[in-house]
2 protein chains.
Amino acid sequence: MRENKFLSIYDELVNQIQSGRMKPNTKLPSENELVEQYHTSRETIRKALNLLSQNGYIQKVKGKGSFVLDVSRYDFPVSGLVSFKEIAQKMGRPWKTIVNKLEEIQPDEYLQKQLHISSKDTVWKVIRSREMEHERIILDKDFFIKKVVPNLTTEICEGSIYEYLEHEAGLKISFAKKEITVDEPTEEDYCYLDLKDYKHVVVVKNYVYLEDMSLFQYTESRHRLDKFRFVDFARRGN
Amino acid sequence: MRENKFLSIYDELVNQIQSGRMKPNTKLPSENELVEQYHTSRETIRKALNLLSQNGYIQKVKGKGSFVLDVSRYDFPVSGLVSFKEIAQKMGRPWKTIVNKLEEIQPDEYLQKQLHISSKDTVWKVIRSREMEHERIILDKDFFIKKVVPNLTTEICEGSIYEYLEHEAGLKISFAKKEITVDEPTEEDYCYLDLKDYKHVVVVKNYVYLEDMSLFQYTESRHRLDKFRFVDFARRGN
DNA sequence: AAGTGGTCTAGACCACCGT
DNA sequence: CGGTGGTCTAGACCACTTG
């Protein structure tokens, strides 16, 4: 009983949908019925259902009811904060992370601006290549403020830095802004990516904020354009 | 008093933030204070604040309060369902829409699959170029099921089809899935875009669903890569 | 200890949908 | 008409932050 009530109801319903016990295009029990089933109040049920709706599991229709959506059609991660590790695992392909660089630097002007820091702050610079099917497809450049993340090792970088930060270091990520553009390759790109003849790379810039609203990480993910794919959901209301 | 109470409170707070009356990094009145100011209940205030949080205007911190975020840094539309018209207006640049084609077609196999229809259904095919600063930068290919959208004219297509569909035709869009990739240009791209020497285009595929969960529109937006930019928010919790 | 946001309750009225 | 989800209320308890 540690979990919030509305969250555990949400989890149970997600489970029923993903396992196939609730089939797509069928109607869920009405909110009042769920109130009885779970011995709770209607607002709590509504909180759980709104979460399901936001995450693409159900569709609520006024006057009719809530309906199970066909989850199997949305083959890709939905939420925005997705790490490379999660993506690679969902795609079920073998992949490898190569740590090219892990060093402490003094931020140049561009970085000072991106991270909102002064030139006196030290910054971790991590450069990693992501390899799939023997091709280095993605170049990840991460910059962390050292004040916030004192320790960083090659081992951590080979896994998922996000996982380490959230679970080990106990930092709470609250939101991220993502920006996608297309640029010409830099020297670094030519060096650390198998670029073939492509004259451009897809650049995904990530600004990650902590719960106290401080920006603590700036990431640039540079993708070979033929391998790039990004999927996003947008919903209006419920 | 037509609007929902929580929506009008949301609107007023958005206004205060965007106009600069509420400055970034300052604290909002506490929820209890807002309850008194707006003569309402706390859950209603919370609904408004959650909307503000979801849309990137504020950040709520347990035990401390709600804080105004620096909205000016997020210079681009945040929500996913954004029409070209909105984007162009926010960028404050002159733009033009050219309707290249507006015709009824029988869907080929690819389209039948994308729209989940049979070969017997008629489909509107609309091809529009988007021009900014005398360059055709974006090629929009829209496909609508004619059963759902019986009437479509060149005039409508020159404006915003979304606006027409939602306000005039009364269709309720519930959610959309977006997919971004990079492809080689097609003949159509060469014909309707000022492509310069670029050997690729950024392709944004949009699947738009109605409230009854039926897919009714498939759109392909093909962008010249040097002019492409996509911004997205992702938030955990709150 | 006081103030904050997060959760939860039990009840109410409304707009919408089907019959 | 009865059932559905959408909104709103007034009150309660909790976990967290700050003085």
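Heavy atoms only: backbone and side chains are in, while hydrogens, waters and symmetry mates are out. Each chain gets a letter, A, B and so on, in the order the sequences are listed, and its residues count up from 1.
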- Could you give the CG-to-P distance, from B:N32 to D:dA12, as a whole number of Å?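 For the pair B:N32 CG and D:dA12 P, the rounded distance is 13 Å.
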
- Message: Using whole Å, what does the distance between atom C1' of nucleotide C:dT7 and atom CG of A:N50 come to?
- Response: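 It works out to 15 Å between those atoms.
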
- Message: Any residue in residues 35-44 of chain A with a heavy atom nearer than 4.0 angstrom to DNA chain D? Just list them by number, or reply none.
- Response: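 Contacting residues: A:R42, A:E43.
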
- Task: Would you check if the side chain of B:Q106 reaches a backbone N or O of B:S119 as a donor-acceptor pair within less than 3.5 Å?
- Result: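 Side chain of B:Q106 to backbone of B:S119, a donor-acceptor pair under 3.5 Å: yes, one is there.
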
- Query: The side chain of A:F6 lies closest to which of these nucleotides: D:dC8, C:dT7, C:dT9?
  - Reply: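 Taking heavy atoms from C-beta onward, the closest nucleotide is C:dT7.
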
- Message: Which nucleotide wins on minimum distance to the side chain of A:S66, given the candidates C:dC8, D:dG5, C:dG5?
- Response: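 When the side chain of A:S66 is considered, D:dG5 is the closest of C:dC8, D:dG5, C:dG5.
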
- Query: B:D142 and B:Q217: side-chain donor and acceptor closer than 3.5 Å?
  - Reply: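 Yes, because at least one side-chain N or O of B:D142 sits under 3.5 Å from a partner of the opposite role on B:Q217.
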
- Message: I'd like to know if the side chain of A:E179 pairs up with that of A:T181 as donor and acceptor (distance under 3.5 Å, no hydrogens or angles considered).
- Response: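 No - no donor-acceptor pair under 3.5 Å links their side chains.
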
Restricting both atoms to N or O, compile the protein contacts to nucleotides 1-3 of chain D shorter than 3.5 Å, with distance only.
unit_1	atom_1	unit_2	atom_2	d
D:dG3	N2	A:G63	O	3.1

- Message: Please confirm whether the shortest side-chain N or O distance from B:R46 to OP1 or OP2 of C:dG6 is below 4.0 Å.
- Response: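 Result: yes.
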
- Closest non-hydrogen atom pair between A:G65 and A:K27, with its separation: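 Heavy atoms only, the tightest pair is CA-CD, 4.5 Å.
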
- Using the test ring-ring contact (aromatic ring centres under 6.0 Å, His included), find all partners of B:F6 that sit at least two apart in sequence or belong to another chain.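 With sequence neighbours excluded, B:F6 shows a ring-ring contact (aromatic ring centres under 6.0 Å, His included) to no residue whatsoever.
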
